[in-house]
Structure formats: structure tokens, C-alpha cells
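Have a look at the structure below, then the notes.
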Amino acid sequence: AVIPIVMEKRPLGTLLLVRAGRPFDAEEVELLRVAESQVDSAVIQAYTYRELEQRNRELETIYRVDRIRDQNLPFDEMLDAALQELCAAVGVEAGLVMLYNYAGKQLEVRAVTPKDFLRIPEYAELVNRAANEALESADIVCYDQPEGTPCSVMCLPLILRDQIIGVFGAVSREPQGFTSDEQRLLKAIVSQMDTAIFEGLERSRLRRVLGRSLDPRVMERLMENPNVDILKGERSVLTVLYADLRGSTSLAERLNPYLLVEFMGDYLGQMANLVLAHQGTLDKFVGDEVMALFGAPFPQPDHALRAVRVGLAMQAAFQQVAAQWLARGVEAAGIGVGIATGELIVGEIGCEQRADYTVIGRAANLGARICAAAHANQVLISQATYDLVKDQVEATPISDQHFKGIDREVTVYHVTRILD
């Protein structure tokens, strides 16, 4: 029995079961169809969790390196300490930092762990070859166990203000070499470590990185007191907001890629600013979709109204964005906004130094379904959200809505304005 796993026309995979002895009957096949309606959201949540976990590892290591810099250690001691953190984050056998000597026009080793690693000639030759290739290409170089060598080597150039200043190298003896996740992790970490280690300027950059994805209060709490335990998960009544660009596929097919990326950056940036301005938590971007939380991590008695205000503000802001970009040939159809309220499991996925909030529960799935049903320029809210804001908004009920994975008819409300 094979059932396709699809969410909002997006293929995710298949559900396949094999049994010897007797065929699947109609009742069993129907049961599989019901199961598939829940599997799709589970798959999406699993992907999201994995991406958040990767980001947390990246930012946690960046933060620890920044803390090392703040200890004002001698330069070489600081390099050694930072290198050990990087190696521990990825779990490699050896690592090294090489700086480029402009006078001699060559790379020079400034830090290596373990200290005697480069005394083995075949390792030293392999690392030097990879490092020089990375320097020349200004890009990552990865050798997966070249013939006659029982290790894999990856080298990444260290860049500061578009100038290559050195190379970071890592060595692994794992049979599979460096996985794609490890490569991505190293690239993300190394792309942030150059100024933190070599010039002592990374703290301001770290603030900007954190500020792009977190509510500013969360960022300040992490920066001011990294020992606070913020890993707790709890059940809370929250409001989730989804805003999705309509017609993005056809837009991508029509536009020059550079123009599309520039437009998306403008659109997503303005939507994110509205979330943060109303003290919401920017959960994530999923393609051209924005997801935000209200009522977490800090309680907000008016979380539902805040979300509705942001949804309406997003529609108004997008009209201005669309008008500006129309002159450049970008004809955007609009955005649909879906909002839902309910009891959700909310947790900061990560660690003391860095965390991302995410939620799991029916209200989160319902919000995504409502967003998918919203037309361009519409803000649709769930019944639970409406019950909390009905005296403060003007809204029209839309009944008899059918959403995937929900076995009953649903009434949503089209909000047009906030009452004075």
C-alpha cells in the first residue's frame, strides 16, 4: 500500500507498507489515508526542528567564541581556545588556523590542535594543498580520504571585509568524511569567526545576527545573562501568525533572479520589522512565508489582538511595498494572513546562550491551514482568536470551511479593521 504524503500541493514523500499473506482491505487503506493527513505536518515539523537545531549549534559556538574574545587573552591563546571550541562543535580529530603572510605571500600556521598533528608528513602535505586551494578559490575545499590517506580534510578561507586573511582547516577520520551538515556548520561558524578572533569586533556583528531572528528582549537577556535557564518547554495559550506571498511561483518564473531576491528581501524585512515592533517573536521564514508568535517567550495578555494588529499592518505595508516595486516590473499579487490561537507546546530550541522559539500543536497547524485559505489582502482568524478580540475588531464570519487534517467544518473570520 502506497500513500503520497503531500501538504498544500507540496510533495513530501510516500507512506509505504508491505505485508505478505493477505492484501490490504478497504478499511485498512482508509486508515492509512487518515494517518497521512497527520504525517505531513509531522514531516514539516521534523524538517523545521532539524534546521533550528543546526542554527542553534552554529550560533551557540559563535557565542562561545565571542566569550573567549571577551576574556582578553593573548592573541595566540585566544586562537587556541577558539579553535578547540570549533573542533568540539563538529567533533573532528584536528583543526588549525593559518594566517596569510602578505610579505612572504604564503600561509603560516598560527594555531593547531593537537599540537603534534602537522608533524606527520602526509597530513601536513594534504592540509597545505587543501589550504592553498581554498585560498586561491576563496571557497570551501573538501578532500574525502584521498588515496593513501586515512583522513578527510576540509579548508575554508577566513574573510574580513572581502579580503582573505587566512584559512581554517579541519581533519576527520570518519569513513564518510565530512557530512553536508558538518560542512554547513563549519562554513557558518567560520564565516562569523574572523573578526571575533582576529580583530575583536564580532560582538556587534553577533548582535545583528541575533537581532535578525529574535525579539530584541530575548537577545538582550541572552547577551546580558547567558547563564539563565531558558530551555524550559511549557503549555501556553498563544497566538500564531502566518503571512504568505500569493503567486510567488509564477513571480519566480517571470523575474530575473537578482530582482526577485531583492524584492523578497524588502518584503520579508518589512514584515519582520512589524512583528518585532509589536513585541512579537519572529519564529522563522519558510520560503516566502513569515511565521510569528505572540505571547511567548514573555506573557502578553493581549497576544491575540497584537497578532491581528500585525496582520492588518502587514497588509497595509505590503500595499506600499507592491506599489514601489511595480515601477520596477515586479507585479506582486498580495499576501494572505492566517492567525490562530490555542494551547501550544512552546519551547526555546537551543541552549542558554542562543535559542529559537517554536511551537507544536493543533493551533499551529490550524493557523497554517487558515493562511493557505486566505486570499490576497485578507486577514483570516480562527474562532478562538475571534473570541478574544471580537469586541475590538470588525470581522465577517466565513463558515463551512474544510481544512486538511481537521474532521469538522471550521468557521473563520475575515478581519477588516480594528475598532477605535
Side-chain angles (χ1 to χ4, degrees), residues 8-10 211-216 239-294 303-341 364 366-382 385-386 389 392-396 398 412-420:
E8 308 298 344
K9 299 182 179 181
R10 176 186 174 187
R212 287 197 293 265
S213 58
L214 289 178
D215 179 90
T239 298
V240 292
L241 176 149
Y242 296 84
D244 189 51
L245 181 64
R246 298 295 178 247
S248 59
T249 300
S250 60
L251 197 65
E253 293 172 347
R254 297 195 311 268
L255 292 182
N256 176 287
Y258 298 106
L259 186 63
L260 176 66
V261 169
E262 189 177 353
F263 164 71
M264 293 295 291
D266 187 15
Y267 148 62
L268 292 173
Q270 296 207 38
M271 299 303 103
N273 288 339
L274 286 171
V275 172
L276 298 179
H278 287 78
Q279 297 184 336
T281 297
L282 184 62
D283 189 307
K284 65 180 71 70
F285 296 134
V286 182
D288 53 39
E289 182 180 68
V290 180
M291 179 181 177
L293 310 177
F294 295 85
H303 55 82
L305 185 60
R306 284 176 188 260
V308 174
R309 287 187 186 278
V310 170
L312 292 172
M314 283 178 166
Q315 293 293 7
F318 187 82
Q319 294 301 316
Q320 297 179 3
V321 172
Q324 294 170 359
W325 281 89
L326 185 60
R328 298 181 60 181
V330 179
E331 189 173 352
I335 60 172
V337 176
I339 298 172
T341 301
L366 178 59
R369 305 291 197 215
I370 293 175
C371 179
H375 298 302
N377 307 318
Q378 272 191 333
V379 176
L380 300 184
I381 66 176
S382 70
T385 306
Y386 178 74
V389 302
Q392 298 161 291
V393 304
E394 184 177 277
T396 303
I398 305 173
V412 298
Y413 294 82
H414 176 203
V415 180
T416 52
R417 70 186 182 95
I418 303 288
L419 299 177
D420 295 330

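One-based numbering along the sequence shown. Computed over heavy atoms, backbone and side chain alike; hydrogens, waters and symmetry mates excluded.
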Locate the shortest heavy-atom distance separating [X] from [Y]; write the atom from each residue and the value.
{"X": "Ala376", "Y": "Ala333", "value": "CB-O, 3.4 Å"}
{"X": "His303", "Y": "Thr239", "value": "ND1-OG1, 2.8 Å"}
{"X": "Gly334", "Y": "Phe318", "value": "CA-CE2, 3.3 Å"}
{"X": "Trp325", "Y": "Asp266", "value": "NE1-OD2, 2.7 Å"}

Roughly how far, to the nearest 0.5 Å, is the [atom2] atom of [Y] from the [atom1] atom of [X]?
{"X": "Leu241", "Y": "Met291", "atom1": "CG", "atom2": "CE", "value": "9.5 Å"}
{"X": "Leu274", "Y": "Met314", "atom1": "CG", "atom2": "CE", "value": "6.0 Å"}
{"X": "Glu262", "Y": "Leu255", "atom1": "CD", "atom2": "CG", "value": "11.0 Å"}
{"X": "Ile370", "Y": "Ser382", "atom1": "CD1", "atom2": "OG", "value": "5.0 Å"}
{"X": "Leu260", "Y": "Met264", "atom1": "CG", "atom2": "CE", "value": "6.5 Å"}
{"X": "Asp283", "Y": "Glu289", "atom1": "CG", "atom2": "CD", "value": "10.5 Å"}

Side-chain donor/acceptor of [X] to backbone N/O of [Y], under 3.5 Å:
{"X": "Glu253", "Y": "Ser250", "value": "no"}
{"X": "Glu394", "Y": "Ile418", "value": "no"}
{"X": "Gln392", "Y": "Leu305", "value": "no"}
{"X": "Thr416", "Y": "Ala395", "value": "no"}
{"X": "Thr385", "Y": "Ala304", "value": "no"}
{"X": "Tyr242", "Y": "Arg369", "value": "no"}
{"X": "Arg306", "Y": "Gly280", "value": "no"}

TODO: Consider only side-chain N and O atoms of Thr396 and His414, and report whether a donor and an acceptor are under 3.5 Å apart.
DONE: no

